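It should be emphasised that the depicted structure is a prediction, and the values quoted were computed from it without experimental measurement.
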Amino acid sequence: MNDAQQSIIAYCRPGYEVDTGNELTELATQKALYGYPVFKAGEGYIRFQFHVPEHAEQFINEVAVSDTIFPRQMFLVLASIAIEDKSDRIGPVLNALAQSDISRCGTLFVDYPDTEDGKALAKLCRKFAVPLRQALRAKEYLTRKEQLNLAALHVFFTSGEACYVGVSQAKMRSPFENGICRLKFPPKAPSRSTLKLEEALLTMLSARQREAICRAGARAVDLGACPGGWTYQLVSRDMHVEAVDNGKMADDLMATGLVDYRAEDGFKYRPQMGHVELLVCDMIEKPDRVAVLMANWLTRNWATHAIFNLKLPMKRRYETVRAAIEAVGSQLASANIKTTMVIRHLYHNRDEVTVAVIRKN
Ligand SMILES: C[S@@+](CC[C@H](N)C(=O)[O-])C[C@H]1O[C@@H](n2cnc3c(N)ncnc32)[C@H](O)[C@@H]1O
């Protein structure tokens, strides 16, 4: 058994390897599973090496990607493969699987890191996936038809000559290629920021939560709204939005009649009717200040739910997020408010994370 066989791979935004490593170290330690991250800065992924092989498996079975902040995708490593003969990349993958005891998988991911070097592998991955899928089906490592409720097989190319092969469980993995939720920019949206809230609504809320919260006629407040990318997402779901910012809102949005623009300070603003269903906030401010503001809105019942971004500092980003989240969590706990909290470094985020605090009934 080589080292890689007791590890997991976690993809992340390039530059966030330290944060991903710190997060996985803490999550593992909380479960009395011990290991350490192995990475090169800027490579867009880390390998988390456990001291005991069973610990890697336990971790991947117990920690979903959606429970984490920085990982975009995670899988348990079955083998690390150095490809010696570029004319046969399938043989080594099949050999590695023959030495494992995996049960038949329902789907295949052939991925690469989200780096400039990684992007050069996109074509190779696309071309390789077709014959690999056929070979895996012939050997019964993969079901004939895709079955997304089964385990997935992952082949992750780190270069043209090296890849990791691994598995993930259905409810624990990201459903997206490369762990990236790609979205088309809506042509009428006033800013690219719109994609951050769209990704958050699509990936951090369940379909049921989305329908219940973003329903036609429901009210929302958008703090730091201009030029209106987030408001656009809410208005396109027929919500009424109080848009708070000193900047200028896009005229198209104002013309919908669904936007009540308020040129006020987001830290002092109060909802016009005393309460809204959803508070969203994208103000560029210190994360601890935003965290307290969000907790105040929720504990005073000015908003039922909140989705907000925390802008990250250059260093100690994981620790900064944890501190802000703990501040929100302890304020909610003191007020006996039960919520689910999802915190994600989304693909469309840059140096920020998105937090969704959804109140339980
Ligand atoms: C990143 S931009 C928001 C982009 C917006 N979410 C969109 O999708 O178009 C941040 C905004 O926060 C606003 N802002 C910063 N501090 C604020 C405050 N104290 N009160 C209200 N708005 C504030 C800025 O004027 C700026 O327009």
Side-chain angles (χ1 to χ4, degrees), residues 13 69 72 114 176 180-205 207 209-211 213-267 269 271-272 276-287 289-291 293-294 297 303-312 321 324 342-358:
R13 185 185 185 88
I69 301 170
R72 289 178 173 177
D114 184 23
F176 303 113
I180 292 175
C181 170
R182 293 198 185 274
L183 295 169
K184 260 204 194 123
F185 179 69
K188 289 193 176 148
S191 69
R192 288 206 70 78
S193 287
T194 199
L195 295 177
K196 297 183 211 169
L197 186 60
E198 184 173 2
E199 184 181 355
L201 293 173
L202 291 176
T203 65
M204 297 173 72
L205 269 53
Q209 287 173 331
R210 221 166 25 244
E211 274 163 31
I213 297 167
C214 301
R215 60 180 194 281
R219 295 192 70 84
V221 162
D222 182 356
L223 300 179
C226 289
W230 285 31
T231 292
Y232 172 87
Q233 288 296 326
L234 304 174
V235 163
S236 60
R237 289 165 172 82
D238 292 323
M239 296 178 81
H240 290 274
V241 184
E242 294 164 34
V244 183
D245 200 311
N246 274 316
K248 175 155 176 25
M249 283 299 274
D251 293 336
D252 284 1
L253 274 175
M254 297 309 298
T256 61
L258 290 170
V259 180
D260 179 4
Y261 170 68
R262 303 269 160 176
E264 292 181 40
D265 180 356
F267 284 91
Y269 187 75
Q272 293 307 298
V276 289
E277 183 75 13
L278 178 65
L279 167 67
V280 299
C281 173
D282 190 25
M283 291 191 289
I284 299 171
E285 250 299 340
K286 289 207 173 99
R289 247 195 119 194
V290 172
L293 182 69
M294 297 298 106
W297 272 71
T304 308
H305 316 283
I307 299 178
F308 54 97
N309 269 9
L310 296 174
K311 310 292 169 184
L312 299 176
V321 175
V342 183
I343 312 140
R344 296 286 296 148
H345 189 205
L346 299 173
Y347 173 65
H348 293 94
N349 286 340
R350 287 185 180 268
D351 297 316
E352 60 199 335
V353 295
T354 301
V355 184
V357 187
I358 307 301

Is any side-chain heavy atom of Leu278 closer than 4.5 Å to a side-chain heavy atom of Ile307?
-> yes
How far apart are the C-alpha atoms of Asp238 and Arg215, what are their side-chain angles, what is the distance that settles it, and do they pass the salt bridge (charged side-chain N to carboxylate O under 4.0 Å, His left out) test?
-> CA-CA 7 Å; Asp238 292 323; Arg215 60 180 194 281; over 6 Å; no
Non-hydrogen atoms of Glu264 and Val244 that approach each other most closely | O-CG1, 3.4 Å
Closest non-hydrogen atoms of Asn349 and Arg13, given as atom of the first, atom of the second and distance, are O-NH1, 2.9 Å
Close side-chain approach of Trp297 to Val276, heavy-atom, < 4.5 Å | yes
Shortest non-hydrogen contact from Ala243 toward Met249 | CB-CE, 3.7 Å
Student check: side-chain heavy atoms of Pro287 and Leu312 closer than 4.5 Å | no
Is it true that a side-chain atom of Trp230 and a backbone atom of Ser193 form a donor plus acceptor pair closer than 3.5 Å?
-> yes
Any Phe308 side-chain heavy atom under 4.5 Å of Thr354 side chain | no
Lys NZ or Arg CZ of Arg182 over Phe176 ring: under 6.0 Å, within 45° | no
Determine all donor-acceptor pairs shorter than 3.5 Å in which one atom belongs to a side chain in residues 250-257; sequence neighbours excluded.
residue	atom	partner	partner atom	Å
Asp251	OD1	Lys248	NZ	2.8
Thr256	OG1	Leu253	O	2.5
Thr256	OG1	Leu258	N	3.2

Hey, are Glu242 and Tyr269 close enough side-chain-wise for a donor-acceptor pair under 3.5 Å?
-> yes
Enter the distance from Asp260:CG to Asp222:CG here, rounded to the nearest 0.5 Å.
-> 12.0 Å
For residues Asp245 and Cys226, report the shortest heavy-atom separation together with the two atoms involved.
-> OD2-N, 3.0 Å
Using a strict cut-off of less than 4.0 Å between a Lys/Arg side-chain nitrogen and an Asp/Glu carboxylate oxygen, indicate whether Glu199 and Arg344 qualify as a salt bridge.
-> no
Shortest non-hydrogen contact between Leu234 and Ala220, atoms and distance = CD1-CB, 3.8 Å
So do Met204 and Leu346 actually touch side chain to side chain, heavy atoms under 4.5 Å?
-> yes
Determine yes or no for a side-chain-to-main-chain donor-acceptor pair under 3.5 angstrom, with Arg237 supplying the side chain and Gln233 the backbone.
-> yes
Distance-only, no hydrogens or angles: does the Arg210 side chain make a donor-acceptor pair with backbone N or O of Leu201 under 3.5 Å?
-> yes
Less than 4.0 Å between a side-chain N and a carboxylate O, is that true for Lys311 and Asp282?
-> yes
Closest heavy-atom pair, Leu205 versus Gln209, reported as atoms and distance to 0.1 Å, is CA-OE1, 3.4 Å
Quick one: is the NZ or CZ of Arg192 closer than 6.0 Å to the six-membered ring centre of Phe185, and within 45° of its axis?
-> yes
